[in-house]
Amino acid sequence: MAERTGKVTVVGAGFYGSTTAQRLAEYDVFDTVVLTDIVEGKPEGLALDLNQSRPIEGFETRVVGQTTTAEGGGYEATAGSDIVVITAGLPRKPGMSRMDLIETNARIVRSVAENVAVHSPDAVVVVVSNPLDEMTALTQLATGFPHQRVLGQAGMLDTARFTHFVAETLAVPVASVSTLTLGSHGDTMVPVPSRCTVAGRPLTDLLSAERIDELVTRTRNGGAEVVALLKTGSAYYAPSAAAARMAKAVHDDAGAVMPVCAWVDGEFGISGVYLGVEAEIGREGVRRVVETGLTDSERAGLLEAAEAVRAKQADVQHL
Ligand SMILES: NC(=O)c1ccc[n+]([C@@H]2O[C@H](COP(=O)([O-])OP(=O)(O)OC[C@H]3O[C@@H](n4cnc5c(N)ncnc54)[C@H](O)[C@@H]3O)[C@@H](O)[C@H]2O)c1
């Protein structure tokens with residue numbers, strides 16, 4: 001086992017945050033995982049529990065739990081983090097859209113981001129709080145960090161959901177399926193069928209356009225489907241897997257390419273917006289946005305998604 005390095009903080013010890021901290025600790029590549037929340041004792045209790053799983057799961061990474069206040073109390077424990085994952089905020093209830101959360105979560109995310117900027121000025125920040133594109137844009141504004149050091153998690157999750165549905169439909173291993181979704185998290189998610197393969201064969205050879213459309217619709221509503229079943233709270237196993245992989249990609253600094261919500265500045269002819277695109281990830285955050293080859297209609301979908309999120313992101317500075 002190589003030396004464990006780096007400090008990663010997960011803000012918010014709810015379902016998303018606690019499962020993310022667990023995955024990050026179990027990777028056994030970080031020196032320290034810090035988990036925080038404003039509910040007194042919750043992060044300390046979860047950290048103690050996670051640390052006690054170390055002999056069984058066989059990892060040495062230490063987990064530190066720390067109660068914080070909105071004013072910044074307790075943030076000393078997060079100081080000097082290399083990576084911060086922001087999961088603080090309310091999740092959806094059945095019937096709610098992600099946009100219904102915007103005002104409450106903007107208040108929470110702004111204060112978290114300001115505290116992160118003070119205590120971990122060199123961190124790469126991975127945002128997951130919803131509505132995702134807007135909270136990512138707000139975090140960049142509130143931290144004042146360079147755009148490439150602030151990114152959001154959506155595309156990894158949407159792509160994983162799409163892959164799962166394709167594998168289930170064709171009764172093949174998930175490892176043989178490769179799919180891609182770009183654009184925004186929600187209505188303007190852009191599936192990229194031209195980049196979807198099963199054991200190297202184009203998905204379009206294996207499923208009718210109609211069946212692919214059905215799977216795309218189910219993917220687009222993937223979060224709402226889980227929310228409706230749970231009745232309270234939203235998905236966290238697949239979301240935390242996605243965010244943890246992004247944090248690990250920053251730690252590993254190997255240039256992993258993954259779909260993330262990144263600042264687009266000229267790529268695809270789009271500028272000045274946080275949008276779901278493929279990006280190369282390293283220690284500095286987004287090394288570069290990858291200009292994935294797209295068909296004309298996929299490109300048109302991405303342009304449409306960019307315009308849809310642009311206006312909403314422009315408004316976040318007033319939140
Ligand atoms: N991007 C995605 O793909 C995706 C997927 C699923 C959920 N989400 C979002 O992730 C967020 C968290 O979801 P969850 O299921 O963990 O919700 P949850 O209610 O289980 O946990 C949220 C936690 O945030 C804490 N919190 C609130 N204000 C805080 C602050 N100022 N500082 C620190 N912690 C604070 C709460 O006390 C709570 O423990 C929600 O906004 C949800 O919509 C995003």
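This structure is a prediction, so every number in the text was calculated from the model and none was measured. In listed order, ligands and their atoms are each counted from 1. Numbering starts at 1 and runs along the sequence shown.
Between Val190 and Gly183, the shortest heavy-atom contact is CG2-CA, 3.9 Å. A pairwise comparison of heavy atoms in Leu157 and Pro239 identifies CD1-N, 3.7 Å as the closest pair. Of all heavy-atom pairs spanning Asp133 and Ser184, the tightest one is OD2-OG, 2.8 Å. In terms of heavy atoms, Glu114 sits closest to Ala142 at CG-O, 3.9 Å. For Val227 against Pro94, the heavy-atom pair with the smallest separation is CG1-N, 3.5 Å. Closest heavy-atom contact between Val290 and Glu280: CG2-N, 4.1 Å.
Using a distance-only test at 3.5 Å, with no hydrogens or angles considered, a donor-acceptor pair links the side chain of Gln140 to the main chain of Phe145. In terms of modelled atom types and a separation under 3.5 Å, the side chain of Ser53 and the main chain of Leu50 share a donor-acceptor contact.
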Apply the test side chain to side chain donor-acceptor pair (under 3.5 Å) to residues Thr159 and Thr181: give CA-CA distance (whole Å), side-chain angles for both, the deciding distance (0.1 Å), then the verdict.
CA-CA 5 Å; Thr159 297; Thr181 67; 3.2 Å; yes
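In summary, Glu278 and Arg195 engage in a salt bridge, as defined by a charged side-chain N under 4.0 Å from a carboxylate O. Of the charged side-chain nitrogens involved, at least one lies within less than 4.0 Å of a carboxylate oxygen, so that Arg4 and Asp28 count as a salt-bridged pair.
With sequence neighbours left out, Glu26 forms a salt bridge (charged side-chain N to carboxylate O under 4.0 Å, His left out) with no residue at all.
Nearest protein neighbour of atom 20 (O) of ligand 1, counting heavy atoms only, is Phe15 N, 3.0 Å. Summary of contacts: the protein heavy atom closest to atom 19 (O) of ligand 1 is Pro91 CD, 3.3 Å. Closest to atom 22 (C) of ligand 1, if we only count protein heavy atoms, is Gly89 O, 3.2 Å. With respect to atom 37 (O) of ligand 1, the closest heavy atom belonging to the protein is Asp37 OD1, 2.7 Å. Distance from atom 27 (C) of ligand 1 to its nearest protein heavy atom, with residue and atom name: Ile38 CD1, 3.9 Å. In terms of protein heavy-atom proximity, atom 21 (O) of ligand 1 is nearest to Gly14 CA, 3.2 Å. Protein heavy atom at the shortest distance from atom 6 (C) of ligand 1 is Ala235 O, 3.5 Å.
Residue contact check: Thr87 has heavy atoms under 4.0 Å from atoms 11 (C), 12 (C) of ligand 1. Each of the following atoms of ligand 1 lies closer than 4.0 Å to a heavy atom of Ile108: 28 (N), 29 (C), 30 (C), 31 (N). Taking a cut-off of under 4.0 Å to the non-hydrogen atoms of Lys42, the atoms of ligand 1 that pass are 39 (O). For ligand 1 and Leu157, the ligand atoms under 4.0 Å from any heavy atom of the residue are 3 (O). Close approach of ligand 1 to Leu90 is summarised as follows: ligand atoms under 4.0 Å from at least one heavy atom of the residue are 40 (C), 41 (O), 42 (C), 43 (O). Near Asn105, meaning under 4.0 Å from any of its heavy atoms, are these atoms of ligand 1: 41 (O).
Geometrically, ligand 1 and Ser129 share no nitrogen or oxygen pair separated by less than 3.5 Å. For the pair Val128 and ligand 1, the shortest N or O to N or O distance falls below 3.5 Å. Polar contact with ligand 1: absent for Leu132 (N/O pair, distance under 3.5 Å). For a threshold of 3.5 Å applied to N or O pairs, the pair formed by Asn130 and ligand 1 contains at least one separation below that value. For Thr36, no nitrogen or oxygen atom sits less than 3.5 Å from a nitrogen or oxygen atom of ligand 1, counting backbone and side chain alike. Considering backbone and side-chain atoms alike, Arg92 places every N or O at 3.5 Å or more from each N or O of ligand 1.
Here Val11 has side-chain heavy atoms under 4.0 Å from ligand 1, and that is the only part of it that gets that close. Contact annotation for His185 and ligand 1: only side-chain heavy atoms (C-beta onward) come within less than 4.0 Å of the ligand. Only side-chain heavy atoms of Val39 come within less than 4.0 Å of ligand 1; its backbone N, CA, C and O stay farther off.
Not a single heavy atom of Ala70 sits closer than 4.0 Å to an atom of ligand 1. For Gly233, the heavy-atom gap to ligand 1 stays at 4.0 angstrom or more.
Comparing heavy-atom distances from atom 1 (N) of ligand 1 across Gln153, Met156, Met135 singles out Gln153 as nearest. Remark: among candidates Tyr237, Tyr16, Tyr236, the nearest residue to atom 16 (O) of ligand 1 is Tyr16, based on non-hydrogen atoms. Taking each of Ser18, Ala88, Ala13 in turn, the one with a heavy atom nearest to atom 26 (N) of ligand 1 proves to be Ala88.
Between Leu24 and Val10, some side-chain heavy-atom pair lies under the 4.5 Å cut-off.
The hydrophobic cluster of Ile38 has no other members, since no ILVMFWY side-chain heavy atom comes under 4.5 Å of it.
Evaluated for a side chain to side chain contact (heavy atoms under 4.5 Å, CB included) with Leu203, the options Leu215, Val177, Thr197, Val198 yield exactly one hit, Val198.
The aromatic rings of His147 and Tyr274 lie tilted to each other, with the angle between the two planes from 30° to 60°.
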